[in-house]
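To keep things clear, I will list the structure first and then write my remarks on it.
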Amino acid sequence: MNANEDRDHQQTQESDQPQFRYDAAMAQTIEERWQQRWDKEGTFWAANTKGDLTDAHGDHAGGRSPYFVIDMFPYPSGKGLHVGHPLGYIATDVVSRYHRMKGENVLHAMGYDAFGLPAEQYAVQTGQHPRVTTEQNIANMRWQLHRLGLSFDDRRSFATIDTDYVRWTQWIFSRIYESWYDPDYRRSDGGTGSARPIGELVEAFKSGSRPIPGHPGASWEELDEAERSGVLNDFRLAYISRSPVNWCPGLGTVLANEEVTAEGRSERGNYPVYQRELKQWSMRITAYGHRLLEDLDILDWPEKVKLMQRNWIGESHGASVDFTVPSPDGNQTMEVYTTRPDTLFGATFAVVSPEHDLLQHLPKEWPEDVPEQWKGGYANPTEGVQAYRRAAEAKTAKDRVDEGGAKTGLFTGLYAVNPITGAKLPIFTADYVLMDYGTGAIMAVPGGDQRDYDFAVKYGLPVVYTVSPLADSGQTLDDYRGKAPFVSHDGIVVNSSVQATHAAGDQLSLDGLRVDQAIEKVTAWLESAGVGHGTVSYRLRDWLFSRQRYWGEPFPVVYDDQGLPHLLPDDQLPVALPDVPDYSPKTFDPEDAQSSPEAPLSRNQDWVNVTLDLGDGPKVYHRDTNTMPNWAGSCWYYMRYIDPKDDRHMVDPEEYDYWLGPKHNATAGESGGVDLYVGGVEHAVLHLLYARFWHKVLYDLGYVSSKEPFHKLFNQGMIQAYAYTDQRGQYVPAAEVEEHEEGGKVSYTWQGQPVNREFGKMGKSLKNIITPDDMYRTYGADTFRLYEMSMGPLDESRPWNTRNVVGGMRFLQRLWRNVVDEQTGEVVLDEGEPDQKTLKLLNTTIHDVTVEMEAMRPNTAIARMIVLNNHLTGLNPTPRAAIEPLVLMLSPIAPHICEELWSRLGHKESLAHAQWPTWDDRYLGEDTVTAVVQIKGKVRGKLQVSPDIAPDQLEAMALALPAVQERLGGKEPRKVIVKAPKIVSVVPA
RNA sequence: GCCCCGGUGGCGAAAUGGUAUACGCAUCGGACUUAAAAUCCGCCGCCUUCACCGGCUUGUGGGUUCGAUUCCCACCCGGGGCACCA
């Protein structure tokens, strides 16, 4: 069979080429042949423990160790791939193939994240239904990846838009909706706090063992349906709320905090985002804040990503303090959150956010003797606060940043009473205090906080310092007075003492204590006086979960004529997307903050209004017209690879235990989960935080047995590229640019005109795209894979340079020639024992390559293999005992050529499951080693010695060297350090 | 502003306390060829020198050490993350 194809191949060749040379055309023939054979034989099928999914021999997993390795699955965007995209896919493929050769049962598959904005926008551009364009794009992408020779188990592939899959995404939503978080629940893993079925909460309300919030004294039976629905909504992990959300008129949808940039613009499209109060779905991710934080410790993730998640969760420890606020409607309580309760004596005013409830209790008139500046020119507090709130609402986060931290604010006419000192603090409202962090109210301590200080200076408020620099810092408070706040945890509390406290409590003094001691003391005092308690606060917000989009999963929820939500029963899933006259989102003038979202699904009234029997007879309901964000599908897809066709479970629990359960193999550790997950660092908080949250809910509810979804995370670097601009700043085609060198100076021209080189991304608009297809045409997939793996460390970004690709091609050609005669196509080998030098190099290479592969450093593994191959090139004929291990070791990186050579070496079976070569320790040692003789750290001589030379003998030999004698000038050395057999370091007198 | 990562030949990069520059690219020289391409062999950090010898060299300056690309301190440059979070 090979001979025939070779003859076909050689007819297409230039006549003066050797007929059996490994070139691009030969590579293509070989690659396509092996790809077909792998497909036909099911070479990469992974075996489940039972059921239809067996390996190629029809066997189940048996005692084989599982290894689960996947990439972050792609959006099939329609733009096609450039050479940067497959880097991670090649890396996971190399790892997969390596582990297969170690005898493990490797699950390696690829799915498609096909809902969401990019797919929808592409469909809108092309005027076709998103399903049509998305499926075309998936087919195209599948082909492009197939051509790379990736070793996926294709039976396990699926897309998030598949009906089977949407059903289970909606099923998970239903489980989350039907759950609440019980912070006191003792989990079987020893932890505290768990998602529990909402039914348990209802039972507690019914039995009276738990009071019903908002309905003191009432029994569950006394509440009407709307009241019950409202109470449960406040506990559900998926809930509906009317609250300020990120509204993006330019995109026509609301967005999660994670999808909004620091400039207050949408991450996609870069449109302004406004805070609007709207009724939307949210997920109670904040309930999991602490567990999401602490379980980072059991993950094998890059520290950088852990740090980003820690910062995003933003757990801080402090105290909540109650201030009494006299108002026209009677005394109100203002709860503030502070991380520095030790500075209570330094509070000179208070600030509430513009949305704070306290602002509903304003006095009718300004109090007397209030500075005009505090009133902002308004006739009374009500008018002023209304105007200030409107102004704040209209501002984007970008506007606030542009103000550069400048503080604006307005006096409310109210005063808060300091619970310790009884001092009356004027209350302001200002937009630098955020409603959704802490309690939306702060005590302002201008002596210890930069923002409060700025505000105090602007409005003429007093500054009191209550912490003094440590004596050994060389600073005193006088260095700060009138200039700046003293913001530090390292200090001694001063000026913080009262004989009789205002609230019920003993006299209190914090003076002389260190800050941490003072925090402890004052917190205890607050608790005993009943005016506060220690508490924890999070930067993390609940996850806004609805979008006004067509191309997403519909919610499995309908509303009755009272507007109360009802969950659809599982047997009515999936809720399919309806056809609508127009699936594009209704967008607005990006600056139109007052516009309101309109969901495309609301355009099909036949779909929206349905008659259903939800247990109490047929009734008319209205469907929820929102869709889920595209993160929903990516939150759980990894576990669906276990069996995407399973119609009885989201995932079979036994199969889950085998593949992803805790300690399912040697590397998974306590967390369990995917053994290796590779993707870009851009998902450090978004996808990876949402997926961990869903996973933990499913874990609490008993559907999965591991605490975490992804045990080991690896972020591949970006492939960057050069781009060239002409004099007018226009990009010119990078492929046509010529490089010139003159007198050591490098310059670039395009069509004779000088151009400038810049460095950055690869992109169509930069005219520097290079596609995998370009590489297949010129070199073949194996050379392309080899180049991407040899460019440098996998986790670092580096520039693409097509000129360098040829090095990999030459390596493969030399390897080929070491097996196949280029002229005759014959395989002639030395079947005898290789010489000692070859055996030594072979064994050290096997050892080194194994170490490098384990550490995911294919670049250095390749360097070792090139050294071995270059050595074998000098032997003629090549020893079989050396070339076979080399072919096996290279096969994860360049699988097609290695399969071809393996077959020409006489093996019938694919090498995909051949055993990874092992080394013999006897060949690792050297007969002689080079010992280096240093004088004051500089190399002055070298000695060839036995590896087990005695230190005394080595020292004597070193000191006898003429170069050493000369430099010692006849004197005894002051010191000689001998590290036999490598180093002798001589220190002259 | 705060936090994190990085800086080594002409270029991509090796080496994590012990011979700095493995491996690859480019350049240059040689073999083969009528010639070119391809292929093979060789040189290849900088300065000085015909050459040997010698000196210098891992962003800059300092420190620890017999010995530092590697550890410590300060600074410069590049990249990334967060940014009124009380």
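Letters A, B, ... are given to chains in the order of the sequence lines, protein chains preceding strands, and every chain is numbered from 1. Just so you know, these numbers use all the heavy atoms, side chains as well, and skip hydrogens, waters and symmetry mates.
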### Distance, P atom - from B/G59 to B/A13, rounded to whole angstrom
15 Å
### Query
Do A/Ser790 and A/Asn859 get their side chains close enough for a donor-acceptor pair, meaning under 3.5 Å?
no
### Query
Taking CG from A/Asp342 and P from B/A86, how many angstroms apart are they, rounded to a whole number?
14 Å
### Message
Set out, in order, the CA-CA distance, both residues' side-chain angles and the distance that settles side-chain contact (heavy atoms from CB on, under 4.5 Å) for A/Val445 and A/Thr348, then state yes or no.
### Response
CA-CA 6 Å; A/Val445 183; A/Thr348 58; over 6 Å; no
## Note on the structure
Separation of B/C84 atom C1' from A/Phe428 atom CZ, nearest Å, is 18 Å
### Task
State whether the number of non-hydrogen atoms from other residues, nucleotides or ligands found under 6.0 Å of A/Lys837 atom NZ is greater than 12.
no
### Query
Which part of the nucleic acid does A/Val433 contact within heavy-atom distance under 4.0 Å: base, sugar-phosphate only, or nothing?
base
### B/U33 versus B/U19 - spacing of their P atoms, nearest Å
45 Å
### Query
With ring centroids as reference points, do A/Tyr480 and A/Phe486 lie under 6.0 angstrom apart?
yes
#### Entry: B/C40 versus B/U27 - spacing of their P atoms, nearest Å
16 Å
### Task
Specify the separation, in whole Å, of atom CD of A/Gln823 and atom P of B/U39.
14 Å
### Task
Could you give the distance separating B/C66 and B/A83 at their P atoms, to the nearest angstrom?
49 Å
### Message
Quick check with a 6.0 Å cut-off and a 45 degree axis cone: is A/Arg757 positioned over the face of A/Tyr724's six-membered ring?
### Response
no
### Message
Is there a side-chain contact between A/Arg803 and the phosphate of B/G24, meaning an N or O under 4.0 Å from OP1 or OP2?
### Response
no
### Query
Regarding A/Tyr437 and A/Ser353, is there a side-chain donor-to-acceptor distance under 3.5 Å anywhere?
no
### Query
Between A/Trp312 and A/Arg539, is there a cation-pi geometry (under 6.0 Å to ring centre, at most 45° from the normal)?
yes
### Query
Quantified in whole Å, what is the P atom distance between nucleotide B/U69 and nucleotide B/G78?
25 Å
### Message
How would you summarise protein contacts on nucleotides 14-21 of chain B per nucleotide, using B for base, S for sugar-phosphate only and - for none, with heavy-atom distances below 4.0 Å?
### Response
S---BB--
### Summary
A/Arg539 atom CZ is separated from B/C82 atom P, nearest whole Å, by 8 Å
### Query
Separation of A/Met809 atom CE from B/C40 atom C1', in whole Å?
17 Å
#### Entry: Heavy-atom donor-acceptor pair, A/Asp542 side chain to A/Thr286 backbone, under 3.5 Å
yes
### Query
Are the aromatic rings of A/Tyr787 and A/Trp800 close, with centres under 6.0 Å apart?
yes
### Message
Say we look at B/G17 and B/C2: how far apart would their C1' atoms be, to the nearest angstrom?
### Response
33 Å
### Query
B/G55 and B/G7: how far apart are their P atoms, nearest whole angstrom?
29 Å
### Message
Whether the A/Gln813 and A/Tyr22 side chains hold a donor-acceptor pair (N or O, under 3.5 Å, no angle test) is what I'd like checked.
### Response
no
### Query
Any side-chain donor-acceptor pair under 3.5 Å between A/Glu335 and A/Thr439?
no
### Query
Between A/Tyr432 and A/Lys407, is there a cation-pi geometry (under 6.0 Å to ring centre, at most 45° from the normal)?
yes
### Task
Check the chi torsion on B/G9 and let me know: syn if it falls within 90° of 0, anti if not.
syn
Please tabulate the protein-to-nucleotide N/O contacts below 3.5 Å involving nucleotides 70-74 of chain B, giving atom names and distances.
none

### Task
Would you mind telling me which of B/C23, B/G81, B/A86 lies closest to the side-chain atoms of A/Met308?
B/G81
#### Entry: For RNA chain B, the dot-bracket pattern of Watson-Crick and G-U pairs whose distances stay under 3.5 Å, | for other-strand partners
(((((((..(((.....[....)))..((((.......))))..(((......)))..(((((..]....))))))))))))....
### Query
Of the nucleotides B/U39, B/C84, B/A86, which has the atom closest to the A/Arg21 side chain?
B/U39
### Message
Looking at B/A86, I'd like to know if its phosphate oxygens (OP1 or OP2) sit under 4.0 Å from a side-chain N or O belonging to A/Tyr437.
### Response
yes
### Task
May I have the distance from A/Glu788 (atom CD) to B/A13 (atom P), rounded to whole angstrom?
14 Å
### Message
Is the phosphate of B/A13 approached by A/Arg798 (side-chain N or O, under 4.0 Å from OP1 or OP2)?
### Response
no
### Query
Hey, which of these two, A/Arg940 or A/Arg814, hits RNA chain B nearer its 5' end, going by closest nucleotide?
A/Arg814
### Task
Taking A/Asp342 for its side chain and A/Val522 for its backbone only, find out whether a donor-acceptor pair lies under 3.5 Å.
no
### Message
I want to confirm an ordering. Mapping A/Val805 and A/Val986 to their closest nucleotides on RNA chain B, which one lands closer to the 5' end?
### Response
A/Val805
#### Entry: Nearest-Å distance for atom pair CG/C1', residues A/Asn870 and B/A22
12 Å
### Query
Using 30° and 60° as the class limits, which term best fits the ring planes of A/Phe428 and A/Phe455: parallel, tilted or perpendicular?
perpendicular
### Summary
Whole-Å distance, A/Asp454 CG to B/A86 C1', equals 14 Å
### Task
Kindly say if A/Arg810 contacts the phosphate of B/C25, meaning a side-chain N or O under 4.0 Å from OP1 or OP2.
yes
### Query
With respect to the side chain of A/Ser316, which nucleotide from B/C66, B/A83, B/A86 is positioned closest?
B/A86
### Message
Taking the minimum atom-to-atom distance to the side chain of A/Val987, which one of B/C66, B/A26, B/C23 wins?
### Response
B/C66
### Integer angstrom distance from the C1' of B/U48 to that of B/G54
8 Å
